[in-house]
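Taking it in order: structure first as structure tokens, then the write-up.
In what follows, every chain begins at residue 1, and chains take the letters A, B, ... in the order their sequences are listed.
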2 protein chains.
Amino acid sequence: MTRTSDRAQRSGHHGVSIDDVAAAAGVSTATVSRAVRGLPRVSPATREKILGIAADLGYVASSSASGLATGRTRTIGVLAPFVSRWFFSQSLEGADRELHARQYGLSLFNLGGHGSNRERLFNKTMVYKQIDALLVLCMALSHEEIEHLHKLDIPLVVVGGHVEECAYIGIDDYAAAADAVRHLIDIGHRDIALLHGDDATDLNFDVPRIRIRAYQEMMTAAGLDPRPEWDEAGDFTLASGQRAFRRLWTKPGPKPTAIFCAADEMAMGVIFEAKRAGVRVPEDLSVIGIDDHEFSAAVGLTTVAQRPDEQAELATRMLLDELGGAAGSVRSVVAPHRLIVRTSTAPPRRA
Amino acid sequence: MTRTSDRAQRSGHHGVSIDDVAAAAGVSTATVSRAVRGLPRVSPATREKILGIAADLGYVASSSASGLATGRTRTIGVLAPFVSRWFFSQSLEGADRELHARQYGLSLFNLGGHGSNRERLFNKTMVYKQIDALLVLCMALSHEEIEHLHKLDIPLVVVGGHVEECAYIGIDDYAAAADAVRHLIDIGHRDIALLHGDDATDLNFDVPRIRIRAYQEMMTAAGLDPRPEWDEAGDFTLASGQRAFRRLWTKPGPKPTAIFCAADEMAMGVIFEAKRAGVRVPEDLSVIGIDDHEFSAAVGLTTVAQRPDEQAELATRMLLDELGGAAGSVRSVVAPHRLIVRTSTAPPRRA
DNA sequence: TTGAAAGCGCTAACAA
DNA sequence: TTGTTAGCGCTTTCAA
């Protein structure tokens, strides 16, 4: 049985191969390969003929085969600790926009909820050898992991945080947090609570800490004393914001007049729970966040806005440029942030 | 130059290959292949030795190569019209859970915002031949697309909606919507507005229509008249809910005492905008949605809950079972929904 | 239990 | 401009 008839037998099952197209067009596979990829060295007539036949036959190249031959998969990996949080889904959208435009695929590696599966992910067949570059979202990477990645020498950039020795794209977290706290101070608050992101989990590396430090230093600089009993921890979820508010308000002692939350999702949790408890925002409590979540405008949340989608889009563009041969395309860049004052903040009443 | 030395030269760049492991272990590549995949026909001693060496060398199989050899990529595709909407990010989480557990990869095909890029996606190298199965989220597929997919004969299931000739998993949309409307009627409402999902876009196939029909039929059955001027269209976003409320409230004429929204995100838009306009919920307006979005509990939104993550997880499990040889694993199933009464609905005051 | 060898479908020199 | 050919790294009979 010849190779061709052999394939023809299977053609119903698997797809049409390059040989089928070549045979039908009466040319070699090399020519088909050039034609379908838009490479030069194919006469217009031949190309047209081949393209027509390829379309008729419904030919589409096997990514495994071309991947094997070229060492490139035309796929980039996106590594995220979650996908259903605002920052990550926004980033995904942004990355995908760029990838889509450049005809690249996107492989998602979600670590959410999997806990220690993380190790598995890095050791198993998953990440390696099936992507040309890696976009890391808001995650700390261990030394080993970085080593590993560098050894593979695939382009790598992290969005939304800093990882040593890696290019990163994100806002200036210190400045953003400082802007938020300054706004509170500027409008007269002195009793400002903090709802920071937890850094017990390895997923949220230094960003939470930077925001905490900014808060502390802004307070100190303004001659204010951060009170330990007004320092709450959350995990960037709405629910954690609700819980934090409850803890804060059930504690004995004086209440803050404002609260700086390290993320909008937590800030909204505070707002919703305050409402439920009959605490008025902003009359009794001013609330400020960071992010400008999709819901923030509607809720009236004052916040420091950032655009993770644009950050991820830029990061992806760099990755793709680097793959395209433009060495040095991948580099760190600071993304913009800006304070948006809405209705969740106002001067304190009992000032 | 021998093949081996040739590879050795590149070993810094690309990864360690199966030949490297075989050479180091003094066995054939076939044995390494069996050993690392946990296949039988390898002596315990040999296996252990190979595994040790593979680990030392950091060997991980090339997915392109094994994909080419087996015709399987161990990757499933997820096709979604958006990723940052609640339903989709939830589904992604669910699908990923199952995939992760079974050591499969996830390739994301997001059509969001790309408009007509959709065609491109289906014709180009993207979807085909790089996935073993396809999970479609809430999307209508054209006849051609379905044909194409069926011809490839890769397992396919759609979550969150119906596509002719395809297995689907989702709630009973008619019943869910009817339950919502019935709740409103049960507590005494007669003037019930409708905020339905738009189906101008091809992305939201028949689900919106089903919910509209349920609303109409429930109303009629209760002897109530759906008023055309209280029929608003949204696109499942918060903002569209806000706009719908504004339109409804700036219209001359009587106002409804309740509004049934085809999705929580729109319902919350209505609630936030009502608040801003001084319309009290539920005193002046009862609002009900469908979904049980992450924010719904905090907002107090009465809704008909569903779990897209579990739906997608189940769908993925079916896909994987089918790939695993359990023919007939992929089938349609109706997912559960349930009414959750919170504080956004109450009997009308001016009943 | 292990190995040899023939592909999987495509790409990329190198020839023609 | 086009074709020949040798792999890419792995899997999988078939022998040994």
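- Residues passing the side-chain hydrogen bond (donor to acceptor under 3.5 Å, both in side chains) test with A/Thr73, sequence neighbours excluded: A/Asp132.
- Contact check for B/Asn110 versus A/Leu92: no side-chain heavy atoms found under the 4.5 Å cut-off.
- Rounded to 10 degrees, the angle separating the terminal helix axes of the helix from C/dT1-D/dA16 to C/dA16-D/dT1, each built from five base pairs, is 30°.
- Between the CZ atom of A/Arg72 and the C1' atom of C/dT11 there is a distance of 14 Å, given to the nearest Å.
- Looking only at side-chain heavy atoms (C-beta outward), B/Arg34 and B/Arg47 stay at 4.5 Å or farther from each other.
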### Query
So A/Val136 and A/Val157, side chain to side chain contact (heavy atoms under 4.5 Å, CB included) or not? Walk me through it.
CA-CA 6 Å; A/Val136 176; A/Val157 27; over 6 Å; no
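- The side chain of A/Ser43 sits closest to D/dT1 out of C/dG9, D/dT1, C/dA4.
- Contact annotation: the side chain of A/Arg102 approaches that of A/Asp321 to within less than 4.5 Å [non-hydrogen atoms, C-beta and beyond].
- In this structure, the CD atom of B/Gln130 is 16 Å from the P atom of C/dG9, given to the nearest Å.
- The CD-P distance, from B/Glu48 to C/dT1, rounds to 15 Å in whole Å.
- Residue order along DNA chain C, read from the 5' end via each residue's closest nucleotide, puts B/Arg41 first among A/Ser64 and B/Arg41.
- Note: B/His162 and B/Tyr168 have parallel aromatic rings, judged against thresholds of 30 and 60 degrees for the angle between ring planes.
- Taking CG from A/Leu156 and CD1 from A/Ile131, the interatomic distance works out to 9.0 Å, rounded to the nearest 0.5 Å.
- Between the CG atom of A/Leu68 and the P atom of C/dG9 there is a distance of 12 Å, rounded to whole Å.
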### Task
Would you check, one step at a time, whether the test side chain to side chain contact (heavy atoms under 4.5 Å, CB included) holds for B/Ile154 with B/Ile76?
CA-CA 10 Å; B/Ile154 65 175; B/Ile76 84 131; over 6 Å; no
### Query
Given the rule in the side chain to side chain contact (heavy atoms under 4.5 Å, CB included) test, do A/Met318 and A/Val333 qualify, once you have shown the distances and angles that lead to the verdict?
CA-CA 11 Å; A/Met318 288 177 175; A/Val333 356; 3.1 Å; yes
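- Rounded to whole Å, the distance from CG on A/Asp19 to C1' on D/dT5 is 13 Å.
- In terms of phosphate contacts, A/Ser17 brings no side-chain nitrogen or oxygen within less than 4.0 Å of OP1 or OP2 of C/dG9.
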Please list, pair by pair, any protein nitrogen or oxygen found under 3.5 Å from a nitrogen or oxygen in nucleotides 11-13 of chain D.
unit_1	atom_1	unit_2	atom_2	d
D/dT11	OP2	B/Ser33	OG	2.6
D/dT12	OP2	B/Arg37	NH1	3.1

